[in-house]
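Values below: all heavy atoms of this structure, side chains included; hydrogens, waters and symmetry mates excluded. All figures in this text were calculated on a predicted structure; none of them were measured in a lab.
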Amino acid sequence: MSKPSLPQGTRDFSADVVRKRQYILNTIRNVYESCGFEPLETPAMENLDTLMGKYGEEGDKLIFKILNNGLDNPSKHDQARTDFETILSGKNSKGLTERALRYDLTIPFARYVAMNHGKLTFPFKRYQMQPVWRADRPQRGRYREFWQCDADVVGSTSLLNEVELATIYQQVFEKLGINVSIRINNRKILAALAHTAGGADRLTDITVAIDKLDKIGLEKVKEELISKGLSTEQIQIIEQYLSISGSSSEKLQQAEALLGQDADAQKGLEELRYILSFFSDTVEIDLTLARGLNYYTGTIFEVKALDVQMGSIGGGGRYDDLTGLFGVPGVPGVGISFGVDRIYDVLEELKRMPDHLNAGPTALFFNMGEQESQTAFRILMELRKAGISGELYHEPAKFDKQFKYAERKNIRYAVFIGSQEIESQTAEVKDLQTGIKEKIPFGALAARLAGR
RNA sequence: GAGGGUGUAGCUCAGCUGGUUAGAGCAUCAGAUUGUGGUUCUGAGGGUCGUGGGUUCGAGCCCCAUCAUCCUCCCCA
(Lines give C-alpha, C1' and ligand atoms only; values in the text may rest on other atoms or scores of the structure.)
Protein backbone atom coordinates (compact mmCIF):
# COMPACT_ATOMS: atom_id res chain seq x y z
CA MET A 1 0.00 0.00 0.00
CA SER A 2 1.57 3.27 -1.10
CA LYS A 3 1.25 6.44 0.89
CA PRO A 4 -2.02 8.24 0.21
CA SER A 5 -1.65 11.44 -1.76
CA LEU A 6 -3.64 14.10 -3.60
CA PRO A 7 -3.75 14.64 -7.34
CA GLN A 8 -1.43 17.44 -8.36
CA GLY A 9 -2.89 20.90 -7.98
CA THR A 10 -5.74 19.86 -5.70
CA ARG A 11 -6.12 20.50 -1.99
CA ASP A 12 -8.02 19.37 1.07
CA PHE A 13 -9.61 22.17 3.04
CA SER A 14 -9.59 21.87 6.83
CA ALA A 15 -12.20 23.49 9.05
CA ASP A 16 -10.57 26.89 9.37
CA VAL A 17 -9.90 27.10 5.65
CA VAL A 18 -13.44 26.11 4.77
CA ARG A 19 -14.79 28.81 7.08
CA LYS A 20 -12.62 31.46 5.47
CA ARG A 21 -13.62 30.32 2.00
CA GLN A 22 -17.27 30.38 3.00
CA TYR A 23 -16.80 33.94 4.16
CA ILE A 24 -15.54 34.95 0.71
CA LEU A 25 -18.26 32.99 -1.08
CA ASN A 26 -20.99 34.45 1.12
CA THR A 27 -19.73 37.98 0.57
CA ILE A 28 -19.90 37.53 -3.19
CA ARG A 29 -23.23 35.70 -3.05
CA ASN A 30 -24.84 38.43 -0.99
CA VAL A 31 -23.84 41.12 -3.44
CA TYR A 32 -25.01 39.04 -6.41
CA GLU A 33 -28.36 38.39 -4.74
CA SER A 34 -28.76 42.06 -3.87
CA CYS A 35 -28.46 42.87 -7.58
CA GLY A 36 -31.14 40.39 -8.56
CA PHE A 37 -28.99 37.57 -9.90
CA GLU A 38 -30.38 34.05 -9.56
CA PRO A 39 -28.31 31.00 -8.64
CA LEU A 40 -27.54 28.25 -11.13
CA GLU A 41 -25.58 25.03 -10.78
CA THR A 42 -24.44 22.82 -13.64
CA PRO A 43 -22.75 19.39 -13.66
CA ALA A 44 -19.04 18.96 -13.02
CA MET A 45 -18.77 17.29 -16.41
CA GLU A 46 -19.98 18.38 -19.82
CA ASN A 47 -19.94 16.67 -23.16
CA LEU A 48 -16.55 17.25 -24.69
CA ASP A 49 -18.16 18.80 -27.77
CA THR A 50 -19.67 21.49 -25.58
CA LEU A 51 -16.27 22.63 -24.38
CA MET A 52 -13.88 22.01 -27.27
CA GLY A 53 -12.98 24.94 -29.46
CA LYS A 54 -14.35 27.57 -27.09
CA TYR A 55 -11.18 28.58 -25.27
CA GLY A 56 -8.66 28.68 -28.07
CA GLU A 57 -6.02 26.14 -28.91
CA GLU A 58 -4.27 26.45 -25.54
CA GLY A 59 -7.54 26.07 -23.73
CA ASP A 60 -8.44 22.86 -25.53
CA LYS A 61 -5.22 21.29 -24.28
CA LEU A 62 -5.99 22.29 -20.71
CA ILE A 63 -9.42 20.68 -20.60
CA PHE A 64 -9.50 17.61 -18.36
CA LYS A 65 -10.91 14.82 -20.50
CA ILE A 66 -12.66 11.90 -18.92
CA LEU A 67 -11.81 8.43 -20.18
CA ASN A 68 -14.88 6.57 -21.37
CA ASN A 69 -16.17 3.66 -19.37
CA GLY A 70 -16.19 0.19 -20.85
CA LEU A 71 -12.83 0.42 -22.60
CA ASP A 72 -11.72 -2.68 -20.72
CA ASN A 73 -14.22 -4.69 -22.70
CA PRO A 74 -12.00 -6.95 -24.89
CA SER A 75 -14.30 -6.55 -27.90
CA LYS A 76 -13.52 -2.84 -27.92
CA HIS A 77 -9.76 -3.09 -27.71
CA ASP A 78 -9.10 -2.77 -31.44
CA GLN A 79 -11.36 0.25 -31.72
CA ALA A 80 -9.74 1.80 -28.63
CA ARG A 81 -6.29 1.43 -30.21
CA THR A 82 -7.46 3.12 -33.39
CA ASP A 83 -9.02 5.94 -31.38
CA PHE A 84 -5.87 6.35 -29.39
CA GLU A 85 -3.88 6.81 -32.60
CA THR A 86 -6.40 9.46 -33.64
CA ILE A 87 -5.81 11.35 -30.40
CA LEU A 88 -2.04 11.10 -30.76
CA SER A 89 -2.37 12.72 -34.17
CA GLY A 90 -3.92 15.74 -32.45
CA LYS A 91 -7.57 15.07 -33.17
CA ASN A 92 -10.35 14.08 -30.88
CA SER A 93 -11.91 10.72 -30.74
CA LYS A 94 -15.29 10.09 -29.20
CA GLY A 95 -14.33 6.48 -28.82
CA LEU A 96 -11.97 7.24 -25.95
CA THR A 97 -13.40 10.35 -24.39
CA GLU A 98 -16.68 12.15 -24.88
CA ARG A 99 -16.96 13.94 -21.57
CA ALA A 100 -14.78 16.47 -19.80
CA LEU A 101 -14.63 18.41 -16.55
CA ARG A 102 -15.84 21.96 -16.98
CA TYR A 103 -13.10 24.47 -17.71
CA ASP A 104 -15.05 27.55 -16.67
CA LEU A 105 -18.63 28.47 -15.84
CA THR A 106 -19.40 30.68 -18.83
CA ILE A 107 -19.59 28.02 -21.53
CA PRO A 108 -21.73 25.66 -19.44
CA PHE A 109 -23.96 28.66 -18.79
CA ALA A 110 -24.19 29.40 -22.51
CA ARG A 111 -25.09 25.75 -23.08
CA TYR A 112 -27.77 26.05 -20.41
CA VAL A 113 -29.22 29.21 -21.95
CA ALA A 114 -29.22 27.63 -25.39
CA MET A 115 -31.11 24.63 -24.04
CA ASN A 116 -33.61 26.68 -22.06
CA HIS A 117 -34.00 29.93 -23.94
CA GLY A 118 -37.68 29.26 -24.44
CA LYS A 119 -38.33 29.14 -20.70
CA LEU A 120 -36.13 31.94 -19.47
CA THR A 121 -37.18 35.50 -18.81
CA PHE A 122 -34.81 37.93 -20.50
CA PRO A 123 -32.70 39.67 -19.57
CA PHE A 124 -31.63 36.62 -17.63
CA LYS A 125 -29.29 37.30 -14.73
CA ARG A 126 -27.65 34.30 -13.15
CA TYR A 127 -24.79 33.72 -10.77
CA GLN A 128 -22.88 30.49 -10.33
CA MET A 129 -20.26 29.50 -7.76
CA GLN A 130 -18.67 26.13 -8.44
CA PRO A 131 -15.29 24.51 -8.93
CA VAL A 132 -13.68 24.30 -12.36
CA TRP A 133 -10.73 22.19 -13.50
CA ARG A 134 -7.77 22.93 -15.71
CA ALA A 135 -4.91 20.59 -16.62
CA ASP A 136 -2.48 23.44 -16.08
CA ARG A 137 0.90 23.20 -14.43
CA PRO A 138 0.25 24.27 -10.81
CA GLN A 139 2.24 27.12 -9.30
CA ARG A 140 1.68 30.09 -7.05
CA GLY A 141 -1.93 31.25 -7.38
CA ARG A 142 -2.66 28.51 -9.88
CA TYR A 143 -4.48 25.30 -9.10
CA ARG A 144 -5.92 22.45 -11.11
CA GLU A 145 -9.15 22.61 -9.16
CA PHE A 146 -10.38 26.04 -8.22
CA TRP A 147 -13.59 27.94 -7.73
CA GLN A 148 -15.08 30.61 -9.88
CA CYS A 149 -17.98 32.88 -8.98
CA ASP A 150 -19.60 34.10 -12.15
CA ALA A 151 -22.40 36.54 -12.76
CA ASP A 152 -23.74 37.03 -16.26
CA VAL A 153 -26.57 38.97 -17.85
CA VAL A 154 -27.80 37.62 -21.17
CA GLY A 155 -30.42 38.98 -23.53
CA SER A 156 -29.45 42.61 -23.15
CA THR A 157 -27.00 44.85 -24.95
CA SER A 158 -27.42 47.69 -22.46
CA LEU A 159 -24.18 49.04 -21.11
CA LEU A 160 -25.94 49.50 -17.79
CA ASN A 161 -25.14 45.83 -17.30
CA GLU A 162 -21.43 46.58 -17.57
CA VAL A 163 -21.87 49.40 -15.09
CA GLU A 164 -23.71 47.15 -12.66
CA LEU A 165 -21.07 44.44 -12.91
CA ALA A 166 -18.31 46.96 -12.26
CA THR A 167 -20.12 48.13 -9.14
CA ILE A 168 -20.30 44.51 -8.00
CA TYR A 169 -16.51 44.32 -8.20
CA GLN A 170 -16.31 47.53 -6.20
CA GLN A 171 -18.70 46.34 -3.52
CA VAL A 172 -17.26 42.89 -3.04
CA PHE A 173 -13.67 44.01 -2.75
CA GLU A 174 -14.62 46.86 -0.48
CA LYS A 175 -16.41 44.40 1.81
CA LEU A 176 -13.44 42.07 1.74
CA GLY A 177 -11.04 44.92 2.44
CA ILE A 178 -8.86 44.41 -0.63
CA ASN A 179 -7.55 47.38 -2.57
CA VAL A 180 -7.93 46.64 -6.25
CA SER A 181 -7.59 48.23 -9.62
CA ILE A 182 -10.55 47.57 -11.86
CA ARG A 183 -9.45 47.99 -15.44
CA ILE A 184 -11.58 47.97 -18.54
CA ASN A 185 -10.99 47.96 -22.24
CA ASN A 186 -12.99 47.13 -25.34
CA ARG A 187 -12.31 44.42 -27.87
CA LYS A 188 -13.68 46.63 -30.62
CA ILE A 189 -10.78 49.00 -30.11
CA LEU A 190 -8.32 46.14 -30.29
CA ALA A 191 -10.03 44.90 -33.45
CA ALA A 192 -9.72 48.39 -34.91
CA LEU A 193 -6.05 48.46 -34.01
CA ALA A 194 -5.49 45.14 -35.75
CA HIS A 195 -7.46 46.37 -38.72
CA THR A 196 -5.68 49.70 -38.94
CA ALA A 197 -2.32 48.03 -38.58
CA GLY A 198 -3.32 45.95 -41.56
CA GLY A 199 -3.59 42.62 -39.83
CA ALA A 200 -7.21 42.04 -38.98
CA ASP A 201 -6.56 38.33 -39.11
CA ARG A 202 -3.79 38.74 -36.57
CA LEU A 203 -6.06 40.05 -33.82
CA THR A 204 -5.20 37.24 -31.42
CA ASP A 205 -1.44 37.49 -31.95
CA ILE A 206 -1.53 41.24 -31.52
CA THR A 207 -3.68 41.25 -28.40
CA VAL A 208 -1.72 38.48 -26.73
CA ALA A 209 1.48 40.40 -27.35
CA ILE A 210 0.34 43.82 -26.17
CA ASP A 211 -1.33 42.33 -23.12
CA LYS A 212 2.18 41.66 -21.83
CA LEU A 213 3.34 45.26 -22.09
CA ASP A 214 3.51 46.01 -18.37
CA LYS A 215 5.10 42.64 -17.74
CA ILE A 216 7.88 42.40 -20.32
CA GLY A 217 8.17 45.95 -21.67
CA LEU A 218 7.86 47.55 -25.08
CA GLU A 219 10.96 46.05 -26.65
CA LYS A 220 10.01 42.48 -25.87
CA VAL A 221 6.49 43.09 -27.15
CA LYS A 222 7.93 44.36 -30.42
CA GLU A 223 10.20 41.34 -30.62
CA GLU A 224 7.21 39.09 -30.18
CA LEU A 225 5.28 40.93 -32.89
CA ILE A 226 8.23 40.63 -35.25
CA SER A 227 8.45 36.93 -34.54
CA LYS A 228 4.76 36.68 -35.41
CA GLY A 229 5.61 38.09 -38.81
CA LEU A 230 4.28 41.64 -38.53
CA SER A 231 5.87 44.32 -40.70
CA THR A 232 7.72 47.38 -39.45
CA GLU A 233 4.86 49.69 -40.46
CA GLN A 234 2.36 47.55 -38.62
CA ILE A 235 4.49 47.51 -35.52
CA GLN A 236 4.91 51.25 -35.71
CA ILE A 237 1.17 51.78 -35.46
CA ILE A 238 0.97 49.36 -32.57
CA GLU A 239 3.82 51.15 -30.87
CA GLN A 240 1.96 54.43 -31.16
CA TYR A 241 -1.05 52.75 -29.63
CA LEU A 242 1.01 51.39 -26.77
CA SER A 243 2.56 54.77 -26.05
CA ILE A 244 -0.86 56.17 -25.17
CA SER A 245 -0.81 57.21 -21.55
CA GLY A 246 -2.28 59.52 -18.97
CA SER A 247 -5.66 59.60 -17.29
CA SER A 248 -8.52 57.56 -18.65
CA SER A 249 -9.99 60.52 -20.52
CA GLU A 250 -6.60 61.41 -21.97
CA LYS A 251 -6.21 57.86 -23.16
CA LEU A 252 -9.60 58.00 -24.81
CA GLN A 253 -8.59 61.19 -26.62
CA GLN A 254 -5.31 59.81 -27.88
CA ALA A 255 -6.89 56.56 -28.98
CA GLU A 256 -9.50 58.58 -30.83
CA ALA A 257 -6.79 60.49 -32.62
CA LEU A 258 -5.02 57.31 -33.65
CA LEU A 259 -7.95 55.08 -34.57
CA GLY A 260 -10.86 57.50 -34.81
CA GLN A 261 -11.52 56.96 -38.50
CA ASP A 262 -12.35 53.31 -37.81
CA ALA A 263 -16.02 52.63 -37.10
CA ASP A 264 -15.26 49.83 -34.64
CA ALA A 265 -12.91 52.06 -32.72
CA GLN A 266 -15.56 54.78 -32.57
CA LYS A 267 -18.05 52.34 -31.12
CA GLY A 268 -15.62 50.92 -28.60
CA LEU A 269 -14.46 54.30 -27.40
CA GLU A 270 -18.03 55.48 -27.08
CA GLU A 271 -18.89 52.45 -24.96
CA LEU A 272 -15.92 52.98 -22.69
CA ARG A 273 -16.80 56.65 -22.32
CA TYR A 274 -20.34 55.76 -21.28
CA ILE A 275 -19.26 53.23 -18.66
CA LEU A 276 -16.62 55.52 -17.32
CA SER A 277 -19.14 58.31 -16.79
CA PHE A 278 -20.55 56.33 -13.87
CA PHE A 279 -17.27 56.12 -12.01
CA SER A 280 -14.89 58.66 -10.65
CA ASP A 281 -11.51 56.97 -10.48
CA THR A 282 -12.15 53.47 -9.23
CA VAL A 283 -12.51 52.09 -12.75
CA GLU A 284 -9.73 52.89 -15.17
CA ILE A 285 -9.04 52.33 -18.81
CA ASP A 286 -6.21 50.05 -19.81
CA LEU A 287 -5.89 49.96 -23.58
CA THR A 288 -3.40 47.10 -23.40
CA LEU A 289 -5.86 44.85 -21.57
CA ALA A 290 -6.72 41.97 -23.89
CA ARG A 291 -7.70 38.81 -21.99
CA GLY A 292 -7.35 35.43 -23.52
CA LEU A 293 -10.81 33.96 -23.92
CA ASN A 294 -11.62 34.50 -27.53
CA TYR A 295 -15.39 34.84 -27.26
CA TYR A 296 -15.26 38.38 -25.92
CA THR A 297 -16.40 41.02 -28.38
CA GLY A 298 -16.97 44.24 -26.45
CA THR A 299 -16.13 45.48 -22.99
CA ILE A 300 -13.51 43.48 -21.11
CA PHE A 301 -12.78 43.63 -17.39
CA GLU A 302 -9.86 42.65 -15.26
CA VAL A 303 -9.30 43.08 -11.53
CA LYS A 304 -5.93 42.96 -9.85
CA ALA A 305 -5.11 43.28 -6.18
CA LEU A 306 -2.86 46.16 -5.26
CA ASP A 307 -0.26 45.65 -2.52
CA VAL A 308 0.35 42.03 -3.47
CA GLN A 309 1.94 40.08 -6.29
CA MET A 310 -0.77 37.88 -7.74
CA GLY A 311 -2.37 37.28 -11.12
CA SER A 312 -5.79 38.71 -11.80
CA ILE A 313 -8.41 37.91 -9.18
CA GLY A 314 -11.35 38.67 -11.41
CA GLY A 315 -12.18 39.13 -15.03
CA GLY A 316 -14.93 39.14 -17.57
CA GLY A 317 -16.38 40.78 -20.59
CA ARG A 318 -19.10 41.09 -23.18
CA TYR A 319 -19.84 38.52 -25.82
CA ASP A 320 -22.23 39.16 -28.67
CA ASP A 321 -23.27 35.69 -29.46
CA LEU A 322 -22.11 33.00 -27.07
CA THR A 323 -25.20 30.82 -27.46
CA GLY A 324 -24.77 31.00 -31.21
CA LEU A 325 -22.13 28.35 -30.70
CA PHE A 326 -24.98 26.09 -29.60
CA GLY A 327 -27.39 26.99 -32.36
CA VAL A 328 -29.30 29.78 -30.63
CA PRO A 329 -28.17 33.09 -32.13
CA GLY A 330 -29.09 36.55 -30.98
CA VAL A 331 -28.50 36.26 -27.24
CA PRO A 332 -25.84 38.80 -26.33
CA GLY A 333 -24.45 38.91 -22.83
CA VAL A 334 -21.86 40.19 -20.44
CA GLY A 335 -20.37 38.60 -17.37
CA ILE A 336 -17.74 38.73 -14.67
CA SER A 337 -15.96 36.22 -12.51
CA PHE A 338 -14.23 36.15 -9.16
CA GLY A 339 -11.28 33.84 -8.53
CA VAL A 340 -12.02 32.67 -5.02
CA ASP A 341 -8.79 30.78 -4.47
CA ARG A 342 -6.64 33.74 -5.38
CA ILE A 343 -8.78 36.08 -3.33
CA TYR A 344 -8.19 33.70 -0.43
CA ASP A 345 -4.44 33.81 -0.99
CA VAL A 346 -4.51 37.60 -1.20
CA LEU A 347 -6.49 37.93 2.04
CA GLU A 348 -4.09 35.61 3.84
CA GLU A 349 -1.04 37.37 2.51
CA LEU A 350 -2.36 40.80 3.50
CA LYS A 351 -3.56 39.37 6.81
CA ARG A 352 -7.01 40.79 6.13
CA MET A 353 -8.93 37.66 7.00
CA PRO A 354 -11.38 38.47 9.83
CA ASP A 355 -10.42 36.58 12.98
CA HIS A 356 -13.96 35.88 14.13
CA LEU A 357 -14.26 33.25 11.41
CA ASN A 358 -12.67 30.38 13.28
CA ALA A 359 -14.99 30.37 16.30
CA GLY A 360 -15.90 26.86 17.40
CA PRO A 361 -19.05 25.80 19.23
CA THR A 362 -20.15 27.99 22.11
CA ALA A 363 -19.75 25.56 25.00
CA LEU A 364 -17.84 22.47 26.02
CA PHE A 365 -19.47 20.46 28.78
CA PHE A 366 -16.73 18.86 30.80
CA ASN A 367 -17.13 15.17 31.38
CA MET A 368 -16.91 14.74 35.13
CA GLY A 369 -17.87 11.10 35.40
CA GLU A 370 -20.25 8.55 33.90
CA GLN A 371 -23.11 9.50 36.25
CA GLU A 372 -22.63 13.25 36.03
CA SER A 373 -22.30 13.27 32.26
CA GLN A 374 -25.80 11.89 31.87
CA THR A 375 -27.21 15.00 33.50
CA ALA A 376 -24.77 17.15 31.55
CA PHE A 377 -25.86 15.59 28.29
CA ARG A 378 -29.53 16.23 29.02
CA ILE A 379 -28.83 19.88 29.72
CA LEU A 380 -26.63 20.15 26.63
CA MET A 381 -29.53 18.86 24.51
CA GLU A 382 -31.73 21.61 25.88
CA LEU A 383 -29.12 24.21 24.97
CA ARG A 384 -28.89 22.83 21.46
CA LYS A 385 -32.67 23.06 21.07
CA ALA A 386 -32.36 26.68 22.14
CA GLY A 387 -29.92 27.22 19.30
CA ILE A 388 -26.70 27.18 21.27
CA SER A 389 -23.94 25.02 19.89
CA GLY A 390 -21.99 22.81 22.20
CA GLU A 391 -20.62 19.40 22.90
CA LEU A 392 -19.92 17.08 25.80
CA TYR A 393 -16.39 15.79 26.15
CA HIS A 394 -16.52 12.19 25.03
CA GLU A 395 -15.14 10.57 28.18
CA PRO A 396 -14.15 11.40 31.73
CA ALA A 397 -10.63 12.73 31.49
CA LYS A 398 -8.21 14.95 33.26
CA PHE A 399 -9.23 18.58 33.19
CA ASP A 400 -5.99 19.43 31.51
CA LYS A 401 -7.03 17.39 28.50
CA GLN A 402 -10.54 18.76 28.36
CA PHE A 403 -9.30 22.34 28.58
CA LYS A 404 -6.85 21.76 25.81
CA TYR A 405 -9.58 20.26 23.65
CA ALA A 406 -11.71 23.36 24.20
CA GLU A 407 -8.80 25.61 23.43
CA ARG A 408 -7.95 23.87 20.19
CA LYS A 409 -11.50 23.98 18.98
CA ASN A 410 -11.85 27.64 19.90
CA ILE A 411 -14.68 26.93 22.31
CA ARG A 412 -15.53 29.98 24.40
CA TYR A 413 -17.21 28.50 27.50
CA ALA A 414 -16.43 25.51 29.68
CA VAL A 415 -19.45 24.18 31.54
CA PHE A 416 -18.89 22.11 34.68
CA ILE A 417 -21.64 19.80 35.86
CA GLY A 418 -20.37 17.47 38.57
CA SER A 419 -21.87 16.04 41.71
CA GLN A 420 -21.82 19.37 43.56
CA GLU A 421 -23.49 21.17 40.68
CA ILE A 422 -26.15 18.51 40.33
CA GLU A 423 -26.84 18.80 44.03
CA SER A 424 -27.37 22.56 43.73
CA GLN A 425 -28.88 22.40 40.22
CA THR A 426 -26.38 25.08 39.27
CA ALA A 427 -23.69 24.82 36.61
CA GLU A 428 -20.36 26.48 36.84
CA VAL A 429 -19.47 28.27 33.60
CA LYS A 430 -16.00 29.47 32.86
CA ASP A 431 -15.25 31.97 30.13
CA LEU A 432 -12.05 30.61 28.68
CA GLN A 433 -11.00 33.92 27.22
CA THR A 434 -11.30 35.97 30.40
CA GLY A 435 -10.96 33.18 32.97
CA ILE A 436 -14.05 34.50 34.80
CA LYS A 437 -16.21 31.87 36.49
CA GLU A 438 -19.94 32.14 37.04
CA LYS A 439 -22.56 29.96 38.73
CA ILE A 440 -25.72 29.65 36.65
CA PRO A 441 -28.84 27.64 37.55
CA PHE A 442 -29.56 24.89 35.03
CA GLY A 443 -32.79 26.55 33.97
CA ALA A 444 -31.06 29.83 33.14
CA LEU A 445 -28.14 28.42 31.17
CA ALA A 446 -29.70 28.74 27.73
CA ALA A 447 -30.70 32.32 28.29
CA ARG A 448 -27.29 33.27 29.63
CA LEU A 449 -25.34 31.70 26.82
CA ALA A 450 -27.68 32.81 24.05
CA GLY A 451 -26.13 35.22 21.64
CA ARG A 452 -22.62 34.76 22.94
C1' G B 1 5.23 22.51 -23.62
C1' A B 2 10.40 24.91 -21.64
C1' G B 3 13.63 25.97 -17.41
C1' G B 4 15.12 25.92 -12.06
C1' G B 5 14.72 24.47 -6.61
C1' U B 6 13.49 20.90 -2.84
C1' G B 7 12.48 15.66 -0.90
C1' U B 8 15.63 13.47 6.49
C1' A B 9 10.33 11.86 12.76
C1' G B 10 3.10 13.56 12.48
C1' C B 11 4.85 19.15 11.30
C1' U B 12 9.07 22.84 10.54
C1' C B 13 13.92 21.97 9.64
C1' A B 14 19.62 20.92 11.18
C1' G B 15 23.11 17.25 9.63
C1' C B 16 30.60 20.03 8.42
C1' U B 17 35.49 18.51 2.78
C1' G B 18 31.67 11.26 2.47
C1' G B 19 33.61 8.52 8.46
C1' U B 20 31.14 4.98 14.76
C1' U B 21 24.65 4.10 17.13
C1' A B 22 20.99 10.25 12.08
C1' G B 23 19.62 15.21 15.67
C1' A B 24 16.59 19.76 17.45
C1' G B 25 12.04 22.46 18.16
C1' C B 26 6.89 21.82 17.98
C1' A B 27 3.15 17.99 18.30
C1' U B 28 1.63 13.13 20.63
C1' C B 29 1.53 9.91 25.02
C1' A B 30 2.73 9.10 30.34
C1' G B 31 4.06 11.22 35.14
C1' A B 32 4.86 15.50 38.80
C1' U B 33 -1.11 16.98 39.53
C1' U B 34 -8.11 12.08 41.40
C1' G B 35 -12.61 19.29 40.53
C1' U B 36 -10.31 24.32 37.13
C1' G B 37 -6.14 24.90 31.14
C1' G B 38 -2.61 27.92 28.42
C1' U B 39 3.71 28.04 32.53
C1' U B 40 7.45 24.62 34.17
C1' C B 41 9.95 19.95 34.97
C1' U B 42 10.80 14.51 34.07
C1' G B 43 10.29 10.46 30.87
C1' A B 44 8.53 7.66 26.46
C1' G B 45 7.16 6.37 21.56
C1' G B 46 8.13 7.62 16.63
C1' G B 47 12.97 7.52 10.75
C1' U B 48 13.60 1.37 4.87
C1' C B 49 17.05 9.71 5.08
C1' G B 50 11.14 9.87 -1.67
C1' U B 51 12.26 5.30 -4.81
C1' G B 52 15.81 2.30 -7.82
C1' G B 53 20.62 1.77 -9.47
C1' G B 54 25.96 3.28 -9.38
C1' U B 55 30.92 5.12 -7.32
C1' U B 56 33.54 3.94 -2.55
C1' C B 57 36.69 0.18 2.53
C1' G B 58 32.44 3.31 3.93
C1' A B 59 26.79 7.31 1.13
C1' G B 60 21.63 11.27 4.40
C1' C B 61 25.91 13.78 1.77
C1' C B 62 28.87 12.32 -4.69
C1' C B 63 26.85 10.40 -9.87
C1' C B 64 22.64 8.52 -12.99
C1' A B 65 17.60 7.44 -13.46
C1' U B 66 12.73 7.82 -11.63
C1' C B 67 8.62 9.70 -8.80
C1' A B 68 6.56 13.63 -5.93
C1' U B 69 6.29 18.64 -4.80
C1' C B 70 7.28 23.97 -5.12
C1' C B 71 8.71 28.05 -8.24
C1' U B 72 9.55 30.76 -13.15
C1' C B 73 8.10 31.20 -18.39
C1' C B 74 3.82 30.17 -21.69
C1' C B 75 -1.27 30.80 -20.59
C1' C B 76 -4.75 31.99 -17.05
C1' A B 77 -8.56 32.83 -12.06
Distance check needed: B/rC76 P versus A/Phe301 CZ, whole Å only.
18 Å
Hey, is the side chain of A/Lys430 pairing donor to acceptor with the base of B/rG37 inside 3.5 Å?
yes
Touch class at under 4.0 angstrom, heavy-atom based, for A/Lys212 against every strand present
sugar-phosphate
Report yes if a side-chain nitrogen or oxygen of A/Arg140 is closer than 4.0 Å to either non-bridging phosphate oxygen (OP1 or OP2) of B/rG5; otherwise report no.
no
Using only side-chain N and O atoms of A/Gln139, determine if any of them is under 4.0 Å from OP1 or OP2 of B/rU72.
yes
Remember a base hit wins even if backbone is also touched, and classify A/Phe366 as base, sugar-phosphate or nothing at under 4.0 Å, heavy atoms.
nothing
For A/Gly59, answer base if it contacts any base atom (sugar-phosphate contacts may also be present), sugar-phosphate if it contacts only those atoms, and nothing otherwise; contact means non-hydrogen atoms under 4.0 Å.
nothing
Within 45 degrees of the ring normal and closer than 6.0 Å to the centroid, is that where the cationic atom of A/Arg11 sits relative to A/Tyr143?
yes
Please tabulate, for the side chains in residues 149-157 of chain A, all donor-acceptor contacts under 3.5 angstrom to protein atoms that are two or more places apart in sequence or on a different chain.
from     : atom 1 : to       : atom 2 : distance (Å)
A/Asp150 : OD1    : A/Ser337 : OG     : 2.7
A/Asp150 : OD2    : A/Thr106 : OG1    : 3.2
A/Asp152 : OD1    : A/Arg126 : NH1    : 2.9
A/Asp152 : OD2    : A/Tyr319 : OH     : 2.5
A/Ser156 : OG     : A/Ser158 : N      : 3.1
A/Ser156 : OG     : A/Asn161 : ND2    : 2.7

Measuring from the side chain of A/Glu428 (C-beta onward, heavy atoms only), which nucleotide among B/rC76, B/rC75, B/rU36 has the closest atom?
B/rU36
Could I get the full list of side chain to side chain donor-acceptor pair (under 3.5 Å) partners for A/Thr10, not counting sequence neighbours?
none
Do any side-chain nitrogens or oxygens of A/Gln8 fall under 4.0 Å of OP1 or OP2 in B/rU69?
yes
Is it the case that A/Arg134 places NZ or CZ above or below the six-membered ring of A/Phe146, under 6.0 angstrom from the centre and within 45 degrees of the axis?
no
